[in-house]
Engineer: 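I'd like to ask some things about the structure below.
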Amino acid sequence: MIDIKLLRDEPDRIREAMARRNAQVDLESLIALDQSRRELLHESEQLRAEQNRVSEAIAAKKRARENADEEVDAMRAVRDRIKDLEEAVRDLDQKLRQGLLMIPNLPDASVPDGADESCNAVVRTWGEIPEFSFEPADHVDVGTRLGILDLECAAKLSGARFSLQKGAGARLERALISFFLDLHTGEHGYTEILPPFLISGETMEGSGQLPKFAEEAFKVEKRDLWLAPTAEVPLTNMHRDEILPADRLPLYYTAYTPCFRSEAGSHGKDTRGMLRQHQFNKVELYKFTTPETSWDELEKLTANAERVLQLLGLPYRVVALCTGDLGFGAAKTYDLEVWLPGQNRYREISSCSNCTDFQARRAGIRYRKDKKPEYVHTLNGSGLAVGRTVVAILENYQQEDGSVVIPEALRPYMGGLDRITRQT
RNA sequence: GGAGGGUUAGCGUAAUUGGUAACGCACCGGUCUUGAAAACCGGCGCCUUCGGGCUUGGGGGUUCGAGUCCCCCACCCUCCGCCA
């Protein structure tokens, strides 16, 4: 949610930002809404003040056993008027808030302009794209032939867009989760969190997932609980409606969770394999920072995610998303794209964003600076998407004989295994 | 799932059976001190157009006025049942 003061004082900055994002927003009616809300609020507060004064006078008279019927009568009318005014304010409040929630975050000045992903800017590239003496297979063929991936069985259990891993394939997924968490907690200073995977509607709203992304998430039938679409949601809400002491910032959290997404509207996209699933594992990186440091922290967080790919020896590039491709709450986003020989192109494996104070304002997360509380900045990034890392390893490390070499950094987590060969 | 108890500022506790949230600890600032402690003074929830408004888990209701009375909901604790 953007700052309402910005709407009052510098609406042109919002207009300009919305134009860059190619977003349609009716600012005029919001400004009018805010204006009348403030007028009504002022009047009701004045009456409140009078009510407080007179009520005290009534109490004094009653204590002195004097008659106060006149005052009581007058206050009866004031009470009714206040009730009407407050109802009107509540109504305007809600409309205003709903309007504000429709406005995406303002892109940072450094974000490239552009309508879609074709305008994203490659920031840097790492690693050598592997050359094969044979035609490289995609992860589905590699995994199925090795007997470590069984998509048909997954379909039997749950339908399309699920996967089932076996033996070294299941172990590989678990090894990656441990490897990621150990790296981020041990070397990058993050605190490990294991949050609930089912979260309340209130929590979904706190990070801006609802109502906008309700279509993307799964909801359980019996209660107001949702399957977390990303650990970003519970992590953001850990400090919802809190005022943090300044000396606790920055906070670094990392969390492994499965992520559940309905992928509405992506029918026909990436239908083959485990690239786009209703359920996938992810290790998330999350930071609460002061406004002064958040841009530095974004660079560091992105570097933390990149480190994973470097240690695994997977070639990748870093892309700065353009204004048209930017997520709703992000002021700036770097995508990490890993090279997939099976597709002969780079594919997203991590997305690292600075949401500035956008999520914090909505979720009421502040810190005390000097005397006044101020909104923190929140950052999130994948470190990394586990399923897609499996895909990248199977495709980049495949050998002509169909086996897959395990990256050295991962071998301790695989019980010393250095190569996956055909399993029965 | 059943029964009972609870939720007041960071923590711990008050508030005349309705009269407009008090106190202690902790914390911050000041005085004093070589420095510190103690003591004393002030501050010690949020918003504010600086007039004031709001705040007792959340939301309604009754009332001139609700921490207090009524209704709904959430969460926590204890016991029983069930369960990994």
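Letters A, B, ... are given to chains in the order of the sequence lines, protein chains preceding strands, and every chain is numbered from 1. Basis for what follows: all heavy atoms, side chains included, without hydrogens, waters or symmetry-related copies.
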Engineer: What does A:Arg223 touch in the nucleic acid at a heavy-atom separation under 4.0 angstrom: a base, only the sugar-phosphate, or nothing?
Structural biologist: sugar-phosphate
Engineer: With both distances kept under 3.5 Å, what pairs with B:C40, Watson-Crick or G-U wobble?
Structural biologist: B:G30
Engineer: Suppose we define a pair by two distances each less than 3.5 Å, Watson-Crick or G-U wobble; what does B:U56 pair with here?
Structural biologist: none
Engineer: What does A:Lys83 touch in the nucleic acid at a heavy-atom separation under 4.0 angstrom: a base, only the sugar-phosphate, or nothing?
Structural biologist: sugar-phosphate
Engineer: I'd like the C1' distance from B:A22 over to B:C71, given in whole Å.
Structural biologist: 30 Å
Engineer: Could you tell me the separation between the OG atom of A:Ser163 and the CG atom of A:Asp150, rounded to the nearest 0.5 Å?
Structural biologist: 10.0 Å
Engineer: Once you apply a heavy-atom cut-off of 4.0 Å, does A:Gln51 come out as touching a base, just sugar-phosphate, or nothing?
Structural biologist: sugar-phosphate
Engineer: Taking syn as a glycosidic torsion within 90° of 0 and anything else as anti, which one is B:G10?
Structural biologist: anti
Engineer: Using a 4.0 Å heavy-atom cut-off across all strands, classify A:Arg63 as base, sugar-phosphate, or nothing.
Structural biologist: sugar-phosphate
Engineer: Run the ring-centre check on A:Phe162 versus A:His278 and record whether the distance is less than 6.0 Å.
Structural biologist: yes
Engineer: Distance between the P atoms of B:G81 and B:U16, in whole angstroms?
Structural biologist: 40 Å
Engineer: With rounding to whole Å, what would you report as the distance between B:C54 and B:G67 at their C1' atoms?
Structural biologist: 15 Å
Engineer: Return the orientation label for the A:Phe288 and A:Tyr286 ring planes: parallel under 30°, perpendicular over 60°, tilted otherwise.
Structural biologist: tilted
Engineer: Touch check for A:Arg53, heavy atoms < 4.0 angstrom, all strands: base, sugar-phosphate only, or nothing?
Structural biologist: nothing
Engineer: Classify the ring geometry between A:Phe328 and A:Phe358 as parallel (under 30°), tilted (30 to 60°) or perpendicular (over 60°).
Structural biologist: perpendicular
Engineer: How far, in whole Å, is B:G4 from B:A14 if one measures between their P atoms?
Structural biologist: 24 Å
Engineer: Any strand counts, and the cut-off is 3.5 Å on both contacts for Watson-Crick or G-U wobble. Which nucleotide pairs with B:C82?
Structural biologist: none
Engineer: Tell which nucleotide pairs with B:U68, taking only Watson-Crick or G-U wobble pairs whose two distances are both under 3.5 angstrom.
Structural biologist: none
Engineer: State the pairing partner of B:G24; accept Watson-Crick or G-U wobble contacts with both distances under 3.5 Å, and report none otherwise.
Structural biologist: B:C11
Engineer: What interatomic distance, in whole Å, is found between C1' of B:A37 and the corresponding atom of B:G53?
Structural biologist: 42 Å
